[in-house]
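Everything on this sheet refers to the single structure shown next.
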Amino acid sequence: MKQSQLFTKIKKEIPSGEVAKNAQLLLQAGFIHKEMAGVYSFLPLGLRVIEKIKHVIRKELNNAGCQEMSMTSLQSKDIWKKTGRWSDDVVDNCFKTSLKNGTELGLAFSHEEPVAQIMANYVHSYKDLPFSAYQFQTKFRNELRAKSGIMRGREFLMKDLYSFHVDKKAHDEFYEKMKGVYMEIFRKLGLGGNTYLTMSSGVPFSKYSFEFQTISEAGEDVILFDKEKKVAINKDDFSDEIFVDFGLNKDDYVFEEAKSIEIGDIYSLGTKYSEAIDLTYADAEGKSHPVFMGSYGIGVPRVMGTVVEVYNDEDGIIWPEEVAPFAVHLISLCKGDAEKGVVEKVYKQLISHNIDVLYDDRSNVSAGQKFAESDKIGIPHRVIMSPKTIANNTFEYKKRSEKDAKYMSFDALLRIISKTY
RNA sequence: CGGGCUGUAGCUCAGUUGGCUAGAGCGCCUGGUUUGGGACCAUGAGGCCGUGGGUUCAAGUCCCACCAGCCCGACCA
């Protein structure tokens, strides 16, 4: 894409009214627009990042045999009444509205009930199990207080996966597998190094669950973790009891304490929802049993915000390659028509190699401004073309994460850039 | 939902004990000089001073209410 066509602009000042670093950097560089507290629109650059994150998640889940679907945000209160979650005393962050005729509706904050309701139409026999289905879908949560930029929104895109098994044993096997799948997702998203599978207290219907916590000062949680052994426990749940329950010896570990961001969670739901919704199957003897369920969430904007919190410097964002809005920022410092033509050709050549490239073709902007803005956007690879480099028949390449540039041939450049694509 | 802070130009902000026609920087328009780390000169446009009420000869400034934003706390399936 040509930068002259991009309607967003990079702002010089940090927007006021945001303390969260992720929101500051993303607003400043034109990735997002704030509609109201906790509600953000995604502009072209921001949407590209969202799509990249979705792509990584989708690929891993599909590989794991999960099926993608899409459920609705509008839900009738009846199914939530079945599980008691319509009551404000049970779930206090549900947005509620109504039809013209007065029928009450809720905006889905999660989809355990709807998905169980749907599956009740298709699951009748043990032969229909197991399976798992997920979606990327907007969730609405009436948080008492929005904070942390895009990391705790009132409206946000969530990947929610639900699993369906005949019994706990079959479920547990899948649950264990998902731990690995999730870690692989976060590794691919660039968060592997400082993300910990963390033991935590569960939802009311299972004593414990696991969270994926990324170490960051911007976090709202605190975990105790053993760096070497990769064991972590949410500070809220750190007790002798948890060690006993997991069969671990507390003395085997050296725990550090750090603030962290919960970027994912996986829950064993048991039969709570299937019993309430009447999602049952017949076993080989014809006896009826409730389906054993699990749910597995990743907040997509929260992952995006976390990446920004983890990867930035005083000049702006530094996107990991897997989630960067573009792979290459091609910056032209040329003014003459002939030289501009050369850059244009390189731009097209990169595209023909299937490389996402943002081409700063603006001719009325100073070099310094282009560099400063490029740093803010944070595209991992930068290629600079100037009359000098063209005359020398060389390409100037600089990584966003490094200070110094290198000069190389087009082929060498291509090798570096296309390594991850 | 409790406590605190803040709403003035597109953005970041200044605006004195209430006092004339509302200020700066950035951004934007126009013209010119520039071009390797947010260049410079000149010119111009741009305001319901969050909303409503009140006090006053006079309100951006004081008072009340409401709305919105931020922070701390509580909350976070």
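Protein chains get the first letters and strands the later ones, always in sequence-line order, with residue 1 at the start of each. Nothing here was measured: the structure is a model prediction, and the numbers come from that model.
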According to the interplanar angle, ranging from 0 to 90°, do the rings of [X] and [Y] count as parallel (below 30°), tilted (30 to 60°) or perpendicular (above 60°)?
X: A:His171; Y: A:His165; answer: perpendicular
X: A:Phe410; Y: A:His353; answer: perpendicular
X: A:Tyr208; Y: A:Phe246; answer: tilted

Closest nucleotide among [options] to the [X] side chain:
X: A:Arg141; options: B:A77, B:C11, B:C71; answer: B:A77
X: A:Glu143; options: B:G38, B:G37, B:C76; answer: B:C76
X: A:Leu333; options: B:G36, B:G37, B:A77; answer: B:G36
X: A:Asp375; options: B:C11, B:G37, B:A77; answer: B:G37

How about [X] and [Y]: does a side-chain donor come under 3.5 Å of a side-chain acceptor?
X: A:Glu211; Y: A:Ser200; answer: yes
X: A:Lys398; Y: A:His381; answer: no
X: A:Ser73; Y: A:Gln137; answer: yes

Discussion item. When you measure only distances, ignoring hydrogens and angles, does the side chain of A:Glu396 come within 3.5 Å of the base of B:G36 through a donor and an acceptor?
Written reply: yes
Discussion item. Can you say whether a donor on the side chain of A:Lys376 sits under 3.5 Å from an acceptor on the base of B:G38, or the other way round?
Written reply: yes
Could you work out the separation of [N] and [M] based on their [atom1] atoms and round it to a whole Å?
N: B:C28; M: B:G46; atom1: C1'; answer: 9 Å
N: B:G4; M: B:A9; atom1: C1'; answer: 29 Å
N: B:A68; M: B:C49; atom1: C1'; answer: 16 Å
N: B:G23; M: B:G15; atom1: P; answer: 15 Å
N: B:C63; M: B:C72; atom1: C1'; answer: 28 Å
N: B:G38; M: B:U8; atom1: C1'; answer: 26 Å
N: B:G47; M: B:A22; atom1: P; answer: 12 Å
N: B:G69; M: B:G53; atom1: P; answer: 23 Å

For [X] and [N], what is the distance between atoms [atom1] and [atom2] respectively, to the nearest whole Å?
X: A:Lys272; N: B:A77; atom1: NZ; atom2: C1'; value: 9 Å
X: A:Arg362; N: B:G38; atom1: CZ; atom2: C1'; value: 11 Å
X: A:Lys9; N: B:G10; atom1: NZ; atom2: C1'; value: 12 Å
X: A:Leu144; N: B:C1; atom1: CG; atom2: P; value: 9 Å
X: A:Asp236; N: B:C75; atom1: CG; atom2: C1'; value: 13 Å
X: A:Glu113; N: B:A77; atom1: CD; atom2: P; value: 14 Å
X: A:Ile261; N: B:C76; atom1: CD1; atom2: P; value: 20 Å
X: A:Asp404; N: B:G36; atom1: CG; atom2: P; value: 19 Å

Got a sec? Which of [range] come in under 4.0 Å of RNA chain B, heavy atoms?
range: residues 364-371 of chain A; result: A:Val365, A:Ser366, A:Ala367, A:Gly368, A:Gln369, A:Phe371
range: residues 293-315 of chain A; result: none
range: residues 20-43 of chain A; result: A:Lys34, A:Met36, A:Ala37

Flag, side chain of [X] to backbone of [Y], donor-acceptor distance under 3.5 Å:
X: A:Tyr162; Y: A:His111; value: yes
X: A:Arg85; Y: A:Trp80; value: no
X: A:Tyr273; Y: A:Thr83; value: no
X: A:Gln24; Y: A:Glu18; value: yes

Worksheet item: Could you go step by step and tell me if A:Phe238 and A:Phe255 meet the ring-ring contact (aromatic ring centres under 6.0 Å, His included) rule?
Response: CA-CA 11 Å; A:Phe238 193 88; A:Phe255 287 105; 5.3 Å; yes
Discussion item. Taking side-chain hydrogen bond (donor to acceptor under 3.5 Å, both in side chains) as the definition, give me every residue that meets it alongside A:Lys179, ordered by chain and number, with sequence neighbours left out.
Written reply: A:Glu176
Item to complete: Look at A:Ser16 and B:C11 and indicate whether a side-chain polar atom (N or O) is within less than 4.0 Å of OP1 or OP2.
Response: no
Discussion item. Using OP1 and OP2 only, check whether a side-chain N or O of A:Arg145 sits under 4.0 Å from B:C72.
Written reply: yes
Item to complete: Assign A:Glu373 to base, sugar-phosphate, or nothing according to its heavy-atom contacts below 4.0 angstrom with the strands shown.
Response: base
Item to complete: Give a yes or no on whether A:Lys230 atom NZ has more than 12 heavy-atom contacts from other residues, nucleotides or ligands under 6.0 Å away.
Response: yes
Worksheet item: Can you tell me if NZ on A:Lys11 sees more than 12 non-hydrogen neighbours from other groups inside 6.0 Å?
Response: no
Discussion item. Between A:Phe156 and A:Phe109 (judged by ring centroids, cut-off 6.0 Å), do the two rings come close enough to count as a pair?
Written reply: no
Worksheet item: If you pin A:Lys335 and A:Glu13 to their nearest nucleotides in RNA chain B, which one's is more 5'?
Response: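 By nearest-heavy-atom nucleotide position, the 5'-most residue is A:Glu13.
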Worksheet item: Between A:Thr389 and A:Phe109, who's closer to the 5' end of RNA chain B by nearest nucleotide?
Response: A:Thr389
Worksheet item: Which dot-bracket notation, 5' to 3', represents the base pairing of RNA chain B when pairs are defined as Watson-Crick or G-U with both distances under 3.5 Å, crossing pairs as [ ], and inter-strand pairs as |?
Response: (((((((..((((.....[...)))).(.((((.....)))).).....(((((..]....))))))))))))....
Discussion item. With side-chain hydrogen bond (donor to acceptor under 3.5 Å, both in side chains) as the rule and sequence neighbours excluded, what pairs involving residues 337-352 of chain A come up?
Written reply: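 Output for this query lists A:Lys2-A:Glu344.
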